[in-house]
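Reviewing the structure listed below.
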Amino acid sequence: MRGSRITLVLALLAVAVAAARPVVATAAPSPGSARSRTAASSDPSDFTHFGNLTIFHAEDAAHGEEPWVSDGTRAGTTLLKDVLPGQDSSFPNDFTVGNGLLFFVADDGTHGDELWKTDGTPAGTKIVKDIVPGDDSAGSFPYDLTNVGGELYFAGFDPNHGYELWKSDGTALGTRRVADINPGMPDSNPGGLINVGGTLYFGADDGQHGQEMWTLSPGGPQMVADIDQGPGRSLSNEPPEAVLKGSLYFAADNGKKGTELWRTTAAGGAKLLKDVQTGPVGSNPVELTTVDTVVFFAADDGTNGQELWRTDGTTAGTVLLDINPGPDGSNPSELIRAVSASNDVLFLSATDGQHGDEIWMARPDGTPFMKKDIFAGAEGSDPQFLGGRSGVIFFSAEDHTSQGVTHGRELWSVHACCTAALVFDVRPGTGGSDPSDIAASNGLLFFAADDGVHGDEPWIVGSTASTTALLKDIA
């Protein structure tokens, strides 16, 4: 229900790549070849760090789409378990770590979509509980898996209560419904589950107040505030959210001002932070991202278009950062925090109206600026799939320089101290490998890419750009 990019400052990923790790494939299409898949693809995604392993899902002809596990070597990248034996797929999803386990949702063909767990071994990969017994058409269809204090919370279905809030400690006995918030069969539809300093917050509908913000207290679920008073709903099922200094920031509509930015208060309620677009329309804040002492977000005030905003939690401290002056807006997207020992910063994709969508940076107390005009001119490199750690952000982008150099969409990186740089031309020529699902795990960078020979498969980057390699040709 919910699913990164590299600079040459790769020493910040500082883990030596063992000799057992794979080497870069030697075969490659000629420069200028068309961008199309030339082989079967495993379409790997959801690379998830778990202990000293990385777990993801991928597909091969013999097993369908199933969970895979990797220790970062070709030999150590294997099918974790054929949850639905044979060529059909169990479609594992929502990988979430908690209580020393990795939880996920899958369908083994017997129990329907249910909660599963793994300790990283085939024998330790098993269903947690058959919440809705029955055949493949049954299932509790869990979603929004969220770890809070070592326990897993999720929204789950049963035929007597509909969708309600559940929890699990990884055992069948310890997997139970927390409460029937909307008594009887009507759903409370829990959504947007989020851990705020060890306390669970979520949206739910008790049948009287519409979809509102709730929290889980020692006494059970409690509504934070009836923001749209009465039966109207103030929240979408997945409201944009961020956490700052123990408060939850979220988008809500009180029925009068449209969807605006709200936050929880020390007293346990909620307050409108600022009416960014006055009137009933609302500024519709999205991409809420915490960086040190502020929350960045994108919103439309009705005058400047969709722009970057910043708040320190006060009305006066909620300000516009106008990247593209005028009514068109800079359309900020892919907001991500880059964590470093000295100063955390924000990276994002935006346009100033002259350069197209490019990679930008903003400090918590500074003015946003473009890091590099990767696709020279007005078209833009369209940065996507931002992710990373240790101050390095990785992304896919398409370049075109004034000298006519073009690589297609490939893997790039950026750091607060340096300009953006191409990490590796996975598919030489202008075709592009279309990197996606970029995630750091165990000192390596995992991503999916198509080199034009093997189809869309898992790749890694180690401690240097030269260690970029096809991890395994799964399909």
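This one's a predicted model, so the numbers in the text were calculated from it and none came from an experiment.
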Nearest-0.5 Å distance, OG1 of residue Thr351 to CD of residue Gln306: 13.5 Å

Residues Val224, Trp262; criterion side-chain contact (heavy atoms from CB on, under 4.5 Å); working and verdict: CA-CA 12 Å; Val224 174; Trp262 288 67; over 6 Å; no

Leu261 and Trp309: CA distance, side-chain angles, deciding distance, side-chain contact (heavy atoms from CB on, under 4.5 Å) verdict: CA-CA 11 Å; Leu261 189 61; Trp309 287 71; over 6 Å; no

Residues forming a ring pair (Phe, Tyr, Trp, His ring centres under 6.0 Å) with Phe47, sequence neighbours excluded: Phe56, Phe446

Check: Trp459 and Leu411 side chains under 4.5 Å, non-hydrogen atoms: no

Reported CG-to-CZ distance for the pair Asn442 and Phe50, which is rounded to 0.5 angstrom: 11.0 Å

No-hydrogen, no-angle side-chain donor-acceptor test under 3.5 Å, Ser41 and Asp43: no

Spatial distance of atom CG (Asn147) from atom CG (Asn195) [nearest 0.5 Å]: 7.0 Å

Non-neighbouring partners of His400 that pass side chain to side chain contact (heavy atoms under 4.5 Å, CB included), sequence neighbours left out: Phe375, Thr406

Test side-chain hydrogen bond (donor to acceptor under 3.5 Å, both in side chains) applied to His57 - qualifying residues, sequence neighbours left out: Ser45, Asp46, Glu65

Main-chain N/O of Gly191 paired with Asp144 side-chain donor or acceptor, under 3.5 Å: no

Spacing of CD belonging to Glu410 relative to CZ belonging to Phe424, to within rounding of 0.5 Å: 9.0 Å

Sidechain-backbone polar pair: Asp206 side chain, Ser188 backbone, donor-acceptor under 3.5 Å: no

Pairing residues for Phe157 by the ring pair (Phe, Tyr, Trp, His ring centres under 6.0 Å) criterion, not counting sequence neighbours: Tyr163

Distance (rounded to the nearest 0.5 Å) between Lys371 NZ and Cys418 SG: 7.0 Å

Test item: Arg177 side-chain N/O and Gly156 main-chain N/O as donor-acceptor pair under 3.5 Å: no

Side chain to side chain donor-acceptor pair (under 3.5 Å) partners of residues 247-259, not counting sequence neighbours, each pair once: none

Contact summary for Asp357 and Ser349, nearest pair of heavy atoms: CB-OG, 3.8 Å

Smallest separation among heavy atoms of Asp187 and Glu164, with atom names: C-OE2, 4.2 Å

Under 3.5 Å donor-acceptor, Asn324 side chain and Gly329 backbone: yes

Set of residues satisfying side-chain hydrogen bond (donor to acceptor under 3.5 Å, both in side chains) with respect to Glu260, sequence neighbours excluded: Ser283

Side-chain (Arg263) to main-chain (Gly313) donor-acceptor, under 3.5 angstrom: yes

Closest heavy-atom pair and its distance - Glu241, Phe250: CG-CB, 4.2 Å

Side-chain touch Asp382/Arg409, heavy atoms, less than 4.5 angstrom: yes

Qualifying residues under side-chain hydrogen bond (donor to acceptor under 3.5 Å, both in side chains), relative to Glu457, sequence neighbours excluded: Ser42

Residues in side-chain hydrogen bond (donor to acceptor under 3.5 Å, both in side chains) contact with Arg233, at least two apart in sequence or another chain: Asn237

Any donor-acceptor pair under 3.5 Å from Glu212 side chain to Leu235 backbone: no

Atom of Thr77, atom of Ser70 and distance for their closest heavy-atom approach: OG1-OG, 2.8 Å

Where Pro332 and Leu348 come nearest, the two heavy atoms and their spacing: CB-CD1, 3.7 Å

With Lys167 via salt bridge (Lys or Arg N to Asp or Glu O under 4.0 Å) - residues at least two apart: Glu151

Value rounded to 0.5 Å, distance of CZ in Arg337 from CG in Asp344: 4.0 Å

Any side-chain heavy-atom pair of Val414 and Lys372 under 4.5 Å: no

Under 3.5 Å donor-acceptor, Thr54 side chain and His49 backbone: no

Steps toward side-chain contact (heavy atoms from CB on, under 4.5 Å) verdict (Phe104, Thr48): CA-CA 11 Å; Phe104 62 98; Thr48 304; over 6 Å; no

Chi angles and distances behind the side-chain contact (heavy atoms from CB on, under 4.5 Å) call for Glu307, Leu321: CA-CA 7 Å; Glu307 275 295 351; Leu321 305 173; over 6 Å; no

Contacts of Tyr201 that satisfy ring pair (Phe, Tyr, Trp, His ring centres under 6.0 Å) - sequence neighbours left out: none

Sidechain-backbone polar pair: Asn93 side chain, Phe91 backbone, donor-acceptor under 3.5 Å: yes

Side-chain (Thr73) to main-chain (Asp71) donor-acceptor, under 3.5 angstrom: no

Under 3.5 Å donor-acceptor, Asp301 side chain and Val276 backbone: no

For Glu287 against Ser333, the heavy-atom pair lying closest together: OE2-CA, 3.7 Å

Test item: Trp116 and Thr118 side chains (from C-beta on) under 4.5 Å apart, heavy atoms: no

For Arg363, all residues meeting salt bridge (Lys or Arg N to Asp or Glu O under 4.0 Å), sequence neighbours excluded: none

Counterpart residues, ring pair (Phe, Tyr, Trp, His ring centres under 6.0 Å), relative to Phe347 (two or more places apart): none

